[in-house]
Amino acid sequence: MHKHDAATEVLTQAIVRYAVDRVRLDPPPLDGPRTIGELRAMAGHTITERGIGGLEALRVFGDVLAQACISVDHPRFLSFVPAAPTEASILFDLVVGASSIFGGSWMEGGGAVFAENEALRYLADLAGLPAGAGGVFVTGGTAGNLSALVAARYRWRQRAEGRHDRTRGLIIASKGAHSSVTSAGQAMDADVVKADADHQGRLRVDALQKLVKDLSRSDRERVFAVVATSGTTNAGVIDPLDGAADVADELGVWFHIDGAYGGAGLAAPSIRARYDGVERADSLIIDPHKWLFAPFDCCALIYRDPLLAREAHTQHAEYLDVLHAVDEDWNPSDFAYHLTRRARGLPFWFSLATHGTVAYRDAIEHTLSVAHAAARLVDDANHLELIMEPELSVVLFRRSGWGPEQYKAWSDKLLADGVGFLVPTAWAGEMVLRICVVNPLTTLDDIRLIIDSLL
Ligand SMILES: *Cc1c(COP(=O)(O)O)cnc(C)c1O
């Protein structure tokens, strides 16, 4: 299995050809889900005593399994937050896989870690974070939020010098915060309270101040972090970061910004001012697998004070301590809740190095302009109502006169016909439609096709 012989050479060629052909498809087929029963019948039993052979396994993947996965990079995949990895990033992902790099320590993966840190620095500079800022690429925003909040709680407890070692902590977020913040609170056994948001889902600073004022004295002592979102996943609005930072400052607690989706907008000069206050974050996350054209899975987690985060997260064990012998070594394992890790920031780094930051700026601006033009098309269509002007690249709208059944039937048909993937969302208790544009290949004609199909 481990020797390269004639058979593995044939397989190598087939696999590389498959990957390259997939990258070149423009657009890729949308594909769609199948039931377990269907897949069982079509794929047969693949795990056998003697193996089915690589070429057959690749055939089953290409002919059956891959077709039961929706292509997230299709230009009319407009649900959730799609992905649009560059060709350079996807192909380099193959190289990362082939290179057997342990991305957890400097001793083992220093070269990879160096490059990942360059990419993190690009993001930290966009945010205006100080030279000492740094962190690590983790799997996604969920892991990033959890790890940041664990560091926040660590600092709170450390400052309390033992008084809060057994106190249940409290996180203040907003009603527009992502579900993963609640999930982090559950995993940490910490409470999450949410300040009211405005009618677009943006944190209200006055509501945040009132929430703090109304906390009992003992509850106020339990607060260890204020979380703001830039921007929200459902509507793409950016919380007032400066105002939220002021509240965190007054409380003397950690300020975390969840920019998993919208943080990429920092690279777009046309909207950069909306992020004022981002430079005050104690921690910030941005998912390059969302709007920075990297393949799954990749979240940049950046701390203002990474050494403190390192204290919070470093695992100690007899067999690991050799890795900590050199203090200035940057061991990515030490900056989040994980140990072994893929150098998952490398595809992003490679693409950024290949194309340069101007190409990133332009690509993000382009998606913004398509989303804003899409809002105009929606606004002009008699059968549709725009719910709000997009601040980022999410467009929320309703089809006049439709209820859940019509939305679902339309959405199912759109996918079944291979036209697009657009599922409804909920807005203020109502089922509505939501488009999220992160793919530079999504055109206004794509949007027109969707709009016409809603007639
Ligand atoms: C997507 C998202 C998350 C979760 O990120 P994953 O990478 O899916 O774990 C967290 N916060 C926000 C604002 C998001 O948009």
Side-chain angles (χ1 to χ4, degrees), residues 70 72-73 77-85 89 123 127 135-150 152 171 173-188 192 194 197 200-203 225-241 244 255-266 271 274-275 278 281 283-302 336-338 341-342 344-345 347-348 364 367 371 390-396 423 425-427 434-439:
I70 305 176
V72 180
D73 57 346
F77 184 122
L78 297 163
S79 297
F80 311 116
V81 180
S89 70
L123 297 174
V136 59
F137 287 100
V138 295
T139 52
T142 301
N145 282 335
L146 174 63
S147 294
L149 289 167
V150 165
I171 298 162
S174 131
K175 295 234 160 89
H178 189 263
S179 50
S180 55
V181 174
T182 304
S183 177
Q186 279 165 356
M188 297 167 69
V192 180
K194 293 182 178 169
Q200 297 191 329
R202 199 178 282 106
L203 170 89
V226 170
V227 178
T229 312
S230 71
T232 61
T233 321
N234 206 20
V237 296
I238 302 172
D239 287 345
L241 301 180
F255 181 42
H256 174 65
I257 298 179
D258 176 358
Y261 152 61
L266 286 166
I271 52 168
R274 309 272 173 88
Y275 296 83
V278 65
S283 53
L284 164 70
I285 64 158
I286 303 175
D287 278 359
H289 69 215
K290 282 183 171 166
W291 201 5
L292 281 169
F293 321 122
F296 301 130
D297 42 18
C298 186
C299 166
L301 163 60
I302 304 175
Y337 182 72
H338 59 190
R341 66 179 290 275
R342 176 179 176 82
R344 60 169 53 78
F348 173 53
I364 293 165
T367 54
E391 183 166 17
L392 296 175
S393 66
V394 173
V395 187
L396 277 177
V423 294
T425 187
W427 183 253
R434 173 182 170 279
I435 282 175
C436 180
V437 184
V438 299
N439 190 336

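Start at 1 and go down the list; that is how both ligands and their atoms are numbered. Predicted model only: the values in this text are computed from it and were never measured.
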Visitor: Can you list the ligand 1 atoms lying under 4.0 Å from a non-hydrogen atom of Y261?
Guide: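 Checking each atom against Y261, I get 15 (O).
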
Visitor: Backbone or side chain, does any N or O of G141 fall under 3.5 Å from an N or O of ligand 1?
Guide: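 Indeed, backbone or side chain, G141 has an N or O that close.
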
Visitor: Specify side chain, backbone, both or neither for T142, according to which of its non-hydrogen atoms lie closer than 4.0 Å to ligand 1.
Guide: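 Both of them.
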
Visitor: Below 3.5 Å, N or O to N or O, backbone or side chain included: is there any such pair between K290 and ligand 1?
Guide: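 So ligand 1 has an N or O lying under 3.5 Å from an N or O of K290.
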
Visitor: Taking all non-hydrogen atoms of both residues into account, name the closest pair between L392 and A371 and its distance.
Guide: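 Heavy-atom minimum between the residues: O-CB, 4.2 Å.
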
Visitor: Does any N/O atom on T229 come nearer than 3.5 Å to any N/O atom on ligand 1?
Guide: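 No; every N/O pair is 3.5 Å or more apart.
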
Visitor: Looking at every non-hydrogen atom in both residues, tell me the closest pair between S89 and A294 and how far apart they are.
Guide: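 What the structure gives for the nearest pair is OG-CA, 4.1 Å.
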
Visitor: Atom 11 (N) of ligand 1: which protein heavy atom is closest, and how many Å away?
Guide: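 Sorting protein heavy atoms by distance from atom 11 (N) of ligand 1 puts D258 OD2, 2.6 Å first.
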
Visitor: Give the numbers and elements of all ligand 1 atoms closer than 4.0 Å to a heavy atom of H289.
Guide: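 In order of number, 7 (O).
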
Visitor: List ligand 1 atoms under 4.0 Å from A260, heavy atoms only on the residue side.
Guide: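 Ligand 1 atoms under the 4.0 Å threshold to A260: 2 (C), 3 (C), 10 (C), 11 (N), 12 (C), 14 (C).
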
Visitor: Would you check if there is a donor-acceptor pair between the side chains of T229 and Y261 at a distance under 3.5 Å?
Guide: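 No - no donor-acceptor pair under 3.5 Å links their side chains.
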
Visitor: Does C299 reach ligand 1, in the sense of a heavy atom lying below 4.0 Å from it?
Guide: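 The answer is no: ligand 1 sits nowhere under 4.0 Å from a heavy atom of C299.
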
Visitor: Tell me which donor-acceptor pairs under 3.5 Å the side chains of residues 175-182 have, and how far apart each pair is, sequence neighbours excluded?
Guide:
{"residue": "K175", "atom": "NZ", "partner": "D196", "partner atom": "OD1", "Å": "2.4"}
{"residue": "H178", "atom": "ND1", "partner": "S180", "partner atom": "N", "Å": "3.0"}
{"residue": "H178", "atom": "ND1", "partner": "S180", "partner atom": "OG", "Å": "2.7"}
{"residue": "S180", "atom": "OG", "partner": "N145", "partner atom": "ND2", "Å": "3.1"}
{"residue": "T182", "atom": "OG1", "partner": "K194", "partner atom": "NZ", "Å": "3.0"}

